[in-house]
Amino acid sequence: MDEVTPDEAFLTVYSDLAREGPGMPADVAWALYVAGTPTAGRIMDAGCGSGADTVTLAKERPAAQIEAVEQIGQYVAAAQKRCAPFGARVQVRQGDMAQITGPYDLLWGAGALYFRGVTEGLRQGRDALAPGGAVAFSEACLLPNPSANALAFWSQYPQVTNAEGIRARVAAAGYRSLGERMVIGAPWEAYYTSMSARIAALRPTAHGSLRDALDEAEAEITRWKAAPSEIAYLLMVVAPE
Ligand SMILES: C[S@@+](CC[C@H](N)C(=O)[O-])C[C@H]1O[C@@H](n2cnc3c(N)ncnc32)[C@H](O)[C@@H]1O
């Protein structure tokens, strides 16, 4: 492979994965239920990546209008391909989730809200919600008494807090919790198993930036393996006060 930029190398490693962060279809189904999203509601998948959850949203709410927005063109193309069987009721476009207008009954953001910060993202999302609408998001979460290995895993995300800290950021945005649950164990294992396969496939011909990106991805997996029962996202469903 020719020399690539660090950004291109990152995208090479993270393309062709089933999803771009830990999560399961059951998490989506749970959030739709807790949020009370109407059968024929309007749903936004913000930061949809390659569209794994967009597909689940479409299957779980077969009469809903679903939009998905993603900033990276490569992921947009993958998500559009995956969602094509649903026809016009599922629309995936390239764009900035800060610009969405709605109104939506559910704003779903798996592993994506943290790019803007939970409080800021929720504040901005408020104007895009329909009356009675809700936001579901997953956010890095420290469990009580985290080990040194758990803290090392999150060392590149210094904003990480425990569940109490996430709840405080939700309250600061003027939202209340409708429900929460941990994303821990199996979803992370599935995510890192697919990433390991991707690394193994790319490794033989990798050099330069791509080799660096593979090393970094592998180091992340090693850090997760040192504390798999402690690495969690908190999935929250919240609504404006
Ligand atoms: C950790 S990935 C999760 C992707 C997907 N939700 C999933 O769970 O597989 C976060 C995604 O959010 C996208 N993203 C981050 N900031 C964004 C923004 N301002 N507008 C649109 N997409 C954004 C990233 O490009 C990335 O694909």
Residue pair Ala63 / Arg89: nearest heavy atoms and the distance that separates them: N-NH1, 4.2 Å
If you define the side chain from C-beta out and look only at heavy atoms, does anything of Thr119 sit under 4.5 Å from Val170? no
Drop me the distance from Asp53's CG to Arg19's CZ, to the nearest 0.5 angstrom. 4.0 Å
Check ion pair Arg167-Glu180 (N to O, under 4.0 angstrom): yes
So, for Tyr233 and Trp188, is the gap between ring centers shorter than 6.0 Å? yes
Could you tell me the separation between the CE atom of Met44 and the CD atom of Gln91, rounded to the nearest 0.5 Å? 10.5 Å
Given Leu178 and Val238, is the side chain to side chain contact (heavy atoms under 4.5 Å, CB included) satisfied, shown in steps? CA-CA 5 Å; Leu178 300 180; Val238 300; 5.9 Å; no
With side chain to side chain donor-acceptor pair (under 3.5 Å) as the test, would you mind laying out the steps for Glu20 and Tyr191 before giving the verdict? CA-CA 8 Å; Glu20 289 69 43; Tyr191 173 60; over 6 Å; no
Under 3.5 Å, is there a donor-acceptor pair between the side chain of Arg198 and the main chain of Ser15? yes
Minimal heavy-atom distance between Pro85 and Lys81, with the atoms involved, is CD-O, 3.8 Å
Looking at OG1 of Thr193 and CG of Leu17, how far apart are the two atoms once the value is rounded to the nearest 0.5 Å? 11.5 Å
I want to check something: taking the side chain as every heavy atom from C-beta on, are Ile100 and Leu107 in contact at a cut-off of under 4.5 Å? yes
Is there a path of hydrophobic side-chain contacts, each under 4.5 Å between heavy atoms, that joins Val55 and Trp30? yes
Assess the side chains of Tyr75 and Gln94: does a donor N or O sit below 3.5 Å from an acceptor N or O? no
Under a 3.5 Å cutoff, is there a donor and acceptor pairing between the side chains of Thr161 and Arg169? yes
Is it true that a side-chain atom of Tyr175 and a backbone atom of Val237 form a donor plus acceptor pair closer than 3.5 Å? no
Distance (rounded to the nearest 0.5 Å) between Tyr104 OH and Glu67 CD: 3.5 Å
Consider only side-chain heavy atoms of I, L, V, M, F, W and Y, link residues closer than 4.5 Å, and tell whether Val92 and Ile66 are in one cluster. no
Side chain to side chain, Arg116 and Met97, heavy atoms closer than 4.5 Å: yes
With hydrophobic residues grouped by side-chain heavy-atom distances under 4.5 Å, do Val76 and Val90 end up in a single group? no
Could you pull out the closest heavy-atom pair between Ala134 and Leu129, with the gap in Å? O-CD2, 3.6 Å
Residues Glu8 and Ser209: side-chain donor-acceptor under 3.5 angstrom: no
Could you tell me the separation between the CG atom of Leu202 and the CG atom of Leu210, rounded to the nearest 0.5 Å? 5.5 Å
Looking at Ser147, is its backbone amide N or carbonyl O close enough to the side chain of Glu230 to form a donor-acceptor pair, meaning the two atoms are under 3.5 Å apart? yes
Checking Leu32 against Ile43 for the side chain to side chain contact (heavy atoms under 4.5 Å, CB included) test, could you report, in this order, the C-alpha distance in whole Å, the side-chain angles of both residues, the deciding distance, and whether it holds? CA-CA 10 Å; Leu32 285 163; Ile43 300 171; 3.9 Å; yes
Is it true that a side-chain atom of Ser138 and a backbone atom of Gly111 form a donor plus acceptor pair closer than 3.5 Å? yes
Are side-chain N/O atoms of Ser50 and Arg82 paired as donor and acceptor at under 3.5 Å? yes
Ring geometry between Phe153 and Tyr192 (parallel below 30°, tilted from 30 to 60°, perpendicular above 60°): perpendicular
Answer yes if the side chains of Thr54 and Asp45 hold a donor-acceptor pair under 3.5 Å, and no otherwise. yes
With a 4.5 Å heavy-atom cut-off, do Gln99 and Asp96 have their side chains touching? yes
According to a hydrophobic-cluster definition based on side-chain heavy atoms being under 4.5 Å apart (Ile, Leu, Val, Met, Phe, Trp, Tyr only), do Leu11 and Met195 belong together? yes
I would like to know whether Arg203 and Asp215 meet salt bridge (Lys or Arg N to Asp or Glu O under 4.0 Å); could you show each step before the answer? CA-CA 9 Å; Arg203 186 63 91 183; Asp215 289 347; 2.9 Å; yes
Grab the two heavy atoms, one from Trp108 and one from Ala31, that are nearest each other, plus how far apart they are. CZ3-CB, 3.5 Å
In terms of hydrophobic clustering (I, L, V, M, F, W, Y; side-chain heavy atoms under 4.5 Å; direct or indirect links), are Met182 and Val118 co-clustered? yes
Got a donor-acceptor contact below 3.5 angstrom from the Arg126 side chain to the Ala239 backbone? no
Would one find more than 12 heavy atoms of other residues, nucleotides or ligands at under 6.0 Å from atom CD of Glu189? no
Neighbour count above 12 (heavy atom, 6.0 Å) for Glu220 CD: yes
Can you list the steps and then say if Leu151 with Leu142 is a side chain to side chain contact (heavy atoms under 4.5 Å, CB included)? CA-CA 8 Å; Leu151 294 172; Leu142 291 174; 4.1 Å; yes
When every non-hydrogen atom of Arg61 is compared with those of Thr37, the smallest separation belongs to NE-O, 2.9 Å
Whether the side chain of Asn162 engages the backbone of Gly165 through a donor-acceptor N/O pair (distance < 3.5 Å, no angle test) should be reported. yes
For Ile166 and Cys141: C-alpha separation, side-chain torsions, deciding distance, then whether side chain to side chain contact (heavy atoms under 4.5 Å, CB included) applies. CA-CA 8 Å; Ile166 300 172; Cys141 183; 3.8 Å; yes
Of all heavy-atom pairs between Ala232 and Trp154, which one has the smallest distance, and what is that distance? O-CZ2, 3.6 Å
What's the separation between atom CD in Glu139 and atom CG in Leu235, rounded to the nearest 0.5 Å? 11.5 Å
